[in-house]
Amino acid sequence: MAISYIGKVFESASIADPRTHSVGLACKAGSLVCIAVAGKRSGAALALAGAPTDSKGNEWHYATSPSSTAFAGVLYCRLTNPLATSDTIRIDWNGTPSHMWASAHNFEGASGTPTDYGVSSGTATTWGTTVSVTGSDWLTFGTLILPNEYAVSGTPINSSIERDDNNATPVAPWCSCFSRNGTTGSTHTIGSSGVSVYYKVFGISFPFEAMQSGGRNNFAGF
């Protein structure tokens, strides 16, 4: 069995705080939902006020890199209770972003307990971060923000697949997210490449775990 990408659950660039997102894709119990988040906040660091919540009472976790100019992170949950298109997911910030982007994606066959996470930033032509992976099947998911750029393009690296971007034009920042399902190796560098600009990438990895028909899952996060 393998980890499968099912599709996009929602996308939003609203700076409302808190922000309640409508689920646009039904997600099975036992599937993993990963939400890429990226943004800025004027005058203070942007961070989450706490873990997300949803209308079905699932237990969510998050790993982020707070910053006023280049916030990036991943919110994640291996669902105990399925989500229907009538359900919602709420993200609560510690202060209203001046820019914000969130893009949620559904995977089946991935654990809800991460193997590793990491963040990289700087000025370079390759915008990626390296995380450890384990097992015969694994998933990496990454969030990219180019805080001072818009209307740019990149080329995914190391078999990363770009799942979504914010199509930022004519206002910065540029944001996108990537995933990769792999079967070999002990590390994976997820991200993209392009011109030499300042970037931040936050990445997380998950091992394989078979889908379950019911019952509760044990969660661990960062």
Side-chain angles (χ1 to χ4, degrees), residues 1-9 11 31-39 61-65 67 70-76 78 101-168 173-209 221-222:
M1 299 179 66
I3 297 171
S4 301
Y5 175 68
I6 305 304
K8 184 164 74 171
V9 178
E11 179 184 14
S31 65
L32 177 70
V33 178
C34 292
I35 307 176
V37 285
H61 304 275
Y62 63 97
T64 64
S65 177
S67 170
F71 169 91
V74 177
L75 325 178
Y76 59 95
R78 194 172 199 258
W101 182 68
S103 181
H105 299 265
N106 184 226
F107 302 87
E108 292 183 1
S111 170
T113 302
T115 300
D116 192 22
Y117 73 103
V119 59
S120 296
S121 62
T123 300
T125 58
T126 298
W127 320 318
T129 192
T130 300
V131 291
S132 298
V133 296
T134 186
S136 59
D137 201 34
W138 45 262
L139 170 71
T140 55
F141 188 83
T143 307
L144 166 69
I145 179 170
L146 307 179
N148 305 314
E149 310 300 325
Y150 62 91
V152 299
S153 61
T155 301
I157 59 174
N158 300 321
S159 299
S160 301
I161 299 173
E162 186 177 53
R163 295 301 182 186
D164 201 12
D165 67 65
N166 67 340
N167 194 29
W174 175 268
C175 306
S176 59
C177 65
F178 305 84
S179 74
R180 163 79 192 281
N181 174 210
T183 58
T184 61
S186 59
T187 63
H188 179 245
T189 301
I190 190 166
S192 188
S193 66
V195 297
S196 180
V197 294
Y198 182 81
Y199 76 95
K200 177 181 279 187
V201 175
F202 192 98
I204 193 167
S205 62
F206 300 90
F208 169 80
E209 183 177 337
F222 300 102

Drop me the distance from [X]'s [atom1] to [Y]'s [atom2], to the nearest 0.5 angstrom.
{"X": "Ile6", "Y": "Leu32", "atom1": "CD1", "atom2": "CG", "value": "11.0 Å"}
{"X": "Glu108", "Y": "Ile3", "atom1": "CD", "atom2": "CD1", "value": "11.5 Å"}
{"X": "His105", "Y": "Cys34", "atom1": "NE2", "atom2": "SG", "value": "9.0 Å"}
{"X": "Tyr5", "Y": "Arg163", "atom1": "OH", "atom2": "CZ", "value": "5.0 Å"}
{"X": "Ser120", "Y": "Leu144", "atom1": "OG", "atom2": "CG", "value": "11.0 Å"}
{"X": "Phe107", "Y": "Ser179", "atom1": "CZ", "atom2": "OG", "value": "4.0 Å"}

Is there a side-chain contact between [X] and [Y] in this structure, where contact means two heavy atoms from C-beta onward sitting under 4.5 Å apart?
{"X": "Ile157", "Y": "Phe178", "value": "no"}
{"X": "Phe71", "Y": "Val37", "value": "yes"}
{"X": "Asn181", "Y": "Asp137", "value": "yes"}

For [X], what residues pass the side chain to side chain donor-acceptor pair (under 3.5 Å) criterion, not counting sequence neighbours?
{"X": "Thr130", "result": "Thr189"}
{"X": "Asn158", "result": "none"}
{"X": "Ser31", "result": "Asn106"}
{"X": "Ser111", "result": "Glu209"}

Which heavy atom in [X] sits nearest to a heavy atom in [Y], and how many Å separate them?
{"X": "Val133", "Y": "Gly185", "result": "CG2-O, 3.6 Å"}
{"X": "Pro207", "Y": "Thr134", "result": "CB-CG2, 4.1 Å"}
{"X": "Ala63", "Y": "Tyr117", "result": "CB-CD1, 4.4 Å"}
{"X": "Asp164", "Y": "Ser103", "result": "OD2-OG, 2.7 Å"}
{"X": "Thr129", "Y": "Gly118", "result": "OG1-C, 3.6 Å"}
{"X": "Pro173", "Y": "Asn166", "result": "O-ND2, 3.0 Å"}

* Check the pair Trp138, Thr115 against side-chain contact (heavy atoms from CB on, under 4.5 Å), reporting the backbone distance first and the verdict last. => CA-CA 9 Å; Trp138 45 262; Thr115 300; over 6 Å; no
* Structure fact -> The salt bridge (Lys or Arg N to Asp or Glu O under 4.0 Å) partners of Asp165 (sequence neighbours excluded) come to none
* To do: Identify, with sequence neighbours excluded, every residue that meets salt bridge (Lys or Arg N to Asp or Glu O under 4.0 Å) alongside Glu149.
  => none
* Test side-chain contact (heavy atoms from CB on, under 4.5 Å) applied to Ala36 - qualifying residues, sequence neighbours left out ->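 Ala36 satisfies side-chain contact (heavy atoms from CB on, under 4.5 Å) with Trp101, Phe141, Thr143, Cys177 only.
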* Apply side-chain contact (heavy atoms from CB on, under 4.5 Å) to Val131 and list each qualifying residue two or more places apart in sequence or on a separate chain. =>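 Applying side-chain contact (heavy atoms from CB on, under 4.5 Å) to Val131 gives Asp116, Thr140, Ser205.
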* Structure fact -> So side-chain hydrogen bond (donor to acceptor under 3.5 Å, both in side chains) across residues 192-203, not counting sequence neighbours, yields Ser65-Lys200
* All ring-ring contact (aromatic ring centres under 6.0 Å, His included) counterparts of Trp174, not counting sequence neighbours ->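 Once residues adjacent in sequence are excluded, Trp174 has no partner under the ring-ring contact (aromatic ring centres under 6.0 Å, His included) criterion.
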* Asked: Is a side-chain N or O of Arg78 found less than 3.5 angstrom from the main chain of Ala110, in a donor-acceptor match?
  ->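 Between the backbone of Ala110 and the side chain of Arg78 there is a qualifying donor-acceptor contact (under 3.5 Å).
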* What orientation do Tyr76 and Phe206 show, parallel under 30°, tilted 30 to 60°, or perpendicular over 60°? -> perpendicular
